Protein chains: 2
Amino acid sequence: MPPNTALLTDPSPPLRSDSAVVQTPAFSPLYQQIKGLILQSLQAGEWKPGELIPSEMELAARFKVSQGTVRKAIDELAAENLVTRRQGKGTFVTTHNEEQVQYRFLQLHPDVGQQQDEGRAQRNIMECRRMRASADIARILGLRTGDSVIHVRRVLSFGGTPTILEDIWLPSQVFKGLTAQQMAHYPGPTYAMFEMEYGVRMVRAEEKIRAVLPDTQQAQWLKTTATTPLLSVERVTYTYNDKPMELRRGLYLTDSHHYRNALS
Amino acid sequence: MPPNTALLTDPSPPLRSDSAVVQTPAFSPLYQQIKGLILQSLQAGEWKPGELIPSEMELAARFKVSQGTVRKAIDELAAENLVTRRQGKGTFVTTHNEEQVQYRFLQLHPDVGQQQDEGRAQRNIMECRRMRASADIARILGLRTGDSVIHVRRVLSFGGTPTILEDIWLPSQVFKGLTAQQMAHYPGPTYAMFEMEYGVRMVRAEEKIRAVLPDTQQAQWLKTTATTPLLSVERVTYTYNDKPMELRRGLYLTDSHHYRNALS
DNA sequence: TAGTGGTCTAGACCACATA
DNA sequence: ATGTGGTCTAGACCACTAC
């Protein structure tokens, strides 16, 4: 069988939404096409977060390619943290819940002490209501100015010390009916709640970090002074297809915590 | 040929310096062993930064394994940025020089403007001399308190604006004879100079970030005020075998720049 | 045209988990 | 005992680069 023609019988239109870059005649290796098809199934919710996806052999049969090709496709998905392989058990859809790697996107760590003790952060929801998106928030979320968004403001405390003040904006259309109760009482990461309650899987994020001083109101919320410098962390969180689904603007108190980053 | 026995004829002692974790009888896949051998050659300087390493076929013949096994070993080295593959040309030892990805470890980006215009940063060396390592610097660099280290203090300016104040500590034994002239006048990243002049390849780094206020002296150097919050970035840079070879403590002015980070 | 890395296949066997 | 992913091999062909 000639390569690169196998999947043209598949009823999926050639939606190559990679980027706006002009590509050469769009050569795409077979395993990339397979990866795209698996991605579509993930997006469509055929397999839900935490669930087992079909074995490599099954997928190979389904797509009429060799197991090795499916393997390479899954390898890339695993490298992007979209699925998780477990030897002897199978391949699972990655979830923000029930891993030891909870709080994947939170890089703030205590200066001393064992591990991510953040699991038991106290959440204080100060606000949770719909509003109209300002121009810059709309732009970042890919909405139009004035579109409805949900605004959440909360304080996270570790060991009784207020440490993170966060403003979160979410598109109302997707997170319809989100309440302060949900934000406060869901056991586990907020992103796990988004998966369970709204079927939204956050797969990656980008952060811009600065040093700032809080205004008096912010300083009060964090029980600190207006002369205590804070980390300003703006996070844009993306779901499938590089679609932005959340904007967070956080202020981190770094007296006894630090933001950790590994470079390679 | 039974797998996992192929390389025992090689004159390399089983230096498995992975971690202090107790491992099960130390099963190691063939490709990992190959990876280790290639790594040893990189460390030993058999192939220098920027140079072409032997083709997959040659390495396969040398190690008496299949090309596919060598490929998997190189795949991992490429994923760790230790080598760079270029289709049709070969596999090259990654260098901090002569890439478009210069300044690999510098995450500070201008808020506006095209790309990493940082290439033409002005470097102002304020200090470069040997000193005795304090307890905490010695600990971080894996030295003993009082061992000789070279201390460099410099200011980086972008477009005429002082933006980064950095203190750098390096083990004197390795960077013997480093001068302020070298630090100031080498064209290209400092890490490229370390490769060329001292044969030290920095392969990864870890950063701890906080928000701080400068003291009056630091504020003067950055031509700012003592009430302007700054990013404090402590970077430990590692060469092969997870050996720490540099400590940097930087203060970043984030008025018109931000620290960027991608999470996945 | 020759050589490189990149893709694809097929089959064998190993390690791990579960029943 | 069975099924999963993990490793290893061998060979074929493709795409890119250089000569």
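A, B, ... follow the sequence lines: proteins, then strands. Residue 1 opens every chain. Please read these numbers as outputs of a predicted model, since none were measured by experiment.
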Is the shortest side-chain heavy-atom distance between [X] and [Y] below 4.5 Å?
X	Y	value
M202(A)	V200(A)	yes
I38(B)	I34(B)	yes
I53(B)	L59(B)	yes

Rounded to whole angstroms, how far apart are [atom1] on [X] and [atom2] on [N]?
X	N	atom1	atom2	value
I74(A)	dT7(D)	CD1	C1'	16 Å
Q67(B)	dC14(D)	CD	C1'	14 Å
Q33(A)	dC14(D)	CD	P	16 Å
K72(B)	dT9(D)	NZ	P	12 Å
L77(A)	dG5(D)	CG	P	13 Å
L30(A)	dC14(D)	CG	P	13 Å
D75(A)	dT7(C)	CG	C1'	14 Å
Y31(A)	dC13(D)	OH	P	21 Å

**Prompt:** Do R85(B) and dG6(C) have a side chain to base donor-acceptor pair shorter than 3.5 Å?
**Reply:** no

**Request:** Ignoring hydrogens and angles, answer whether the base of dG6(D) and the side-chain atoms of R71(A) contain a donor-acceptor pair closer than 3.5 Å.
**Result:**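 Flag set: donor-acceptor pair detected.
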
**Message:** Is the distance between the ring centroids of Y259(B) and H109(B) under 6.0 Å?
**Reply:**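 Centroid distance H109(B)-Y259(B): not below 6.0 Å, so no.
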
**Request:** Give the nucleotide from the list dT9(D), dA10(C), dG5(C) with an atom nearest to the side chain of S66(A).
**Result:** dA10(C)

Pairwise N/O distances under 3.5 Å, protein to nucleotides 17-19 of chain C:
none

**Asked** Taking the inter-plane angle between the rings of F158(B) and H257(B) on a 0 to 90° scale, is it parallel (under 30°), tilted (30 to 60°) or perpendicular (over 60°)?
**Response** tilted

**Message:** Can a side-chain donor-acceptor contact be found between N261(A) and E206(B) if the only test is distance below 3.5 angstrom?
**Reply:** no

**Asked** For E166(A) and Y252(A), does a side-chain donor sit closer than 3.5 Å to a side-chain acceptor?
**Response**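 No, because no side-chain N or O of E166(A) sits under 3.5 Å from a partner of the opposite role on Y252(A).
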
**Asked** Is there a residue in residues 48-57 of chain B whose heavy atoms reach under 4.0 Å of DNA chain D, and which residues are they?
**Response** none

Side chains of residues 183-190 of chain B: which donor-acceptor partners sit under 3.5 Å, not counting sequence neighbours?
residue	atom	partner	partner atom	Å
Y186(B)	OH	N97(B)	ND2	3.2
T190(B)	OG1	R154(B)	NH1	2.9

**Asked** Is it true that the NZ or CZ of R85(B) lies under 6.0 Å from the centre of F92(B)'s six-membered ring and within 45 degrees of the ring axis?
**Response**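 Verdict for F92(B): no cation-pi partner in R85(B).
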
